[in-house]
Protein chains: 2
Amino acid sequence: MGVTIHDVARAAGVSVASASRALSGRRKVTPEVAERVTRAAAELGYQPNAVAKALRDRTTGTVGMVVPGIGNPFFTTMVEAVEHQLQKSGRDLLLCASQYTPEIEARRLNTLLARRVDGLIISPCDFEASAPAVLNAARQVPLVQVDRYIEGGGADWVGVDDDSALAQAVDHVVAGGARSVVFVSSRLMNSSARLRLAGFQLATARAGVDSGAPLLGEFTLDWGFEAGRRLLADGTLPDAVICGNDEIAVGLLRALRLGGVRVPEEVSVVGFDDVGHATMCDPPLTTVRQPVEEMAAEVVRLLGQVRVSDPRPAQRLAIAPRLVVRETSRPVTSGADTIAAAGIVAGNGQEEEEVA
Amino acid sequence: MGVTIHDVARAAGVSVASASRALSGRRKVTPEVAERVTRAAAELGYQPNAVAKALRDRTTGTVGMVVPGIGNPFFTTMVEAVEHQLQKSGRDLLLCASQYTPEIEARRLNTLLARRVDGLIISPCDFEASAPAVLNAARQVPLVQVDRYIEGGGADWVGVDDDSALAQAVDHVVAGGARSVVFVSSRLMNSSARLRLAGFQLATARAGVDSGAPLLGEFTLDWGFEAGRRLLADGTLPDAVICGNDEIAVGLLRALRLGGVRVPEEVSVVGFDDVGHATMCDPPLTTVRQPVEEMAAEVVRLLGQVRVSDPRPAQRLAIAPRLVVRETSRPVTSGADTIAAAGIVAGNGQEEEEVA
DNA sequence: CTGAAAGCGCTAACAG
DNA sequence: CTGTTAGCGCTTTCAG
């Protein structure tokens, strides 16, 4: 360690200024100087100190990202997509997990801020409890929320159009003949859980089908399994179950199979996310696919537009998802298949709305 | 942004030195000064600039970690465990994925080095191709490898004792009556794949059972599924299949079920890792559990002992794993169960060996 | 085109 | 106990 630009300059017989210019290429130097500096740097194994550069430039080339947990395949997929987008502009990602805990989340935001990230991407773990820390961070640095958001609309957000998603899911099972459908999801402590439940209720009301009390727990395999057991214990199974994410769906599927229930003959199951193991579970899962790459692209695009000094109204970008039909849902019966087809087509657009 | 310690000092009517001392508490100041500084800092919303501190201290309080991919649950589990350990000493983790590509890996190592991380934890994606970049990094900063390592033993490593692991797995299925067993794993481009295959061959030879040609592809669900199809296509199934990781095992299980093969009645299946969905697949997977928390603890302990300036011989720490018997393997028959029991007991120790 | 020098924000001597 | 000052490594005016 420890070879600085001074060492390079000395070895090349020029001033540090020239060395800096030659190395960065941001200003003209004689070809000969350029050559000497480049060689000296190579010979000494010079590696620029990004910390010093950051201090001087007041910018780190770094974006912080905070997600609830990296155990959830949806978030890891999103992280990879964001990293991929950032790479295009040569920036790096600092990744943190809040472990679904607002206190840890706040601490993570603060250390990211202390490290002077140029921007922040966050999926706040709690609709209410995350708000103060997120708002505070948004005041210091460009920030955009992804997937989940905090109450009050104080910061930009990119996510999926949950109303469209649930409408597609509900219409699809209804087209398959379902008359009763229940929703298994997470408790309402984050925006996704709220929006999806609302979308579900809207869609079932409009379709005029029977929706029992929703089963609300966590976005986990375990909860899906547990919910499946409860459904079985109830004695009277619904025609279809729509799940808040794929983890839940896979757990539920397993409980159902253990209970001797045939899917999709006796009950249809629809998931949400289409990341990870949806194609490999048994039977392959019908699910709503989140347009993760698109979302990631929008997130970094938005991040580049945010100006902390001159705030504009917060933007919300809800990208319409697409239902992917596999084998856990009954095939469409009768002429109703036009509905499902329409749902798929409608899912390709993109909506933009502004929020007060 | 932009409230510095100078602002705080001025507001408190003291020098920057006193402000710094009061804030850090690393030196005595009058209670009154302490009080005034603290209040000024709070009122101004002062947030120390970690970049400046890092430049001054020549240490960032940051450890970089590079794993092949965060899509693999084993690595995410390991990352979480490492983060957890690091937190105890107040350090932060900078996480990068090499995407199983040596070039990306090398680039990631360099930006981490440029950002002056205090240490590096890496699971090199390729046994050979990763070596130059890893060795170069190890020359600049304390570095410990985890799970995978590069050829030549030039850097510390913490991992699992694959010989013990495979011996336990093989002895277990043999105790259940298996006479032929095949190994499904990854191609040999990383150390884990090599060690596990070697361990498998050793164990089957010692047990005197028939091991066909190993099926080597990738550490993925898809490969497991594909391998299952090939086994089925062969017409003659082995009594047991041992897999290089759980992803493979889950994919294999699915192919087998689709092919109408009953597990474990017709063939036993054993996985490796015991992270993620091993308990939730159907039937629950018998697998070798990696002691992830222990490994993470050893990694950060070792990291604190490495001195770049005064290198000591590279250490290798192979922690013995434990076989977790669930429902994809046949129960032990006859008196042979003493073997399996011995395997489990032997698996609780910890071995340390030094490498040339 | 090149060099000298200032300064990013912070902490640790070094005096007082 | 407190203040002044140097300097971490870098880039960028500002003169020449």
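Per chain, numbering begins at 1; letters A, B, ... match sequence-line order.
Residue B/L143 is tested with B/I121, B/I122, B/V117, B/L303 for a side chain to side chain contact (heavy atoms under 4.5 Å, CB included); the sole match is B/I122.
Looking at which nucleotide of DNA chain D each of A/R21 and B/V29 is closest to, the 5′-most match is held by B/V29. Both A/R27 and B/V16 lie close to DNA chain D; mapped to their nearest nucleotides by heavy-atom distance, the more 5′-ward contact belongs to B/V16.
Atom pair B/L55:CG and C/dA12:C1' shows a separation of 14 Å (rounding to whole Å applied). Distance, A/I5 CD1 to D/dC8 P: 14 Å, rounded to whole Å. Between the CZ atom of A/R56 and the P atom of D/dG7 there is a distance of 19 Å, rounded to whole Å. With rounding to whole Å, A/N49 atom CG is found 18 Å from D/dG7 atom P. Between the CD atom of A/Q47 and the C1' atom of D/dC8 there is a distance of 17 Å, rounded to whole Å. Atom CG in A/D57 sits roughly 11 Å away from atom P in D/dT13 (whole-Å rounding). Atom NE2 of A/H6 is separated from atom P of C/dA4 by 10 Å (rounded to the nearest Å). Rounded to an integer number of Å, the gap from CZ of A/R26 to P of C/dC1 is 16 Å.
Of the charged side-chain nitrogens involved, at least one lies within less than 4.0 Å of a carboxylate oxygen, so that B/R36 and B/E32 count as a salt-bridged pair. Electrostatic pairing of A/R301 and A/E298 counts as a salt bridge here, judged by a charged N lying under 4.0 Å from a carboxylate O. Salt-bridge check for A/R312 with A/D156: passed, with a basic side-chain N closer than 4.0 Å to an acidic carboxylate O.
Checking D/dC8, D/dT11, C/dA4 against the side-chain heavy atoms of A/A17 singles out C/dA4 as nearest. Taking only side-chain atoms of B/K28, from C-beta outward, the nucleotide of D/dC1, D/dT12, D/dG9 with the closest atom is D/dC1. Checked against D/dG3, D/dT11, C/dT11, the side chain of B/V14 finds its nearest nucleotide in D/dG3.
Heavy atoms of A/V33 sit under 4.0 angstrom from primed sugar atoms or phosphate atoms, though from no base atom.
At C/dG3, one or more side-chain N or O atoms of A/S18 fall inside 4.0 Å of OP1 or OP2 (strictly under the cut-off). Of the side-chain N and O atoms in A/S15, none sit less than 4.0 angstrom from OP1 or OP2 of C/dT2. Using a 4.0 Å cut-off, some side-chain N or O of B/R58 falls inside it from OP1 or OP2 of D/dG9. For C/dG9, the OP1/OP2 oxygens have no side-chain nitrogen or oxygen of B/T4 closer than 4.0 Å.
Donor-acceptor pairing under 3.5 Å, judged by distance alone, is absent between the side chain of A/R116 and the base of C/dG9.
For A/T62 and B/R115, the side-chain atoms include at least one donor-acceptor pair closer than 3.5 Å.
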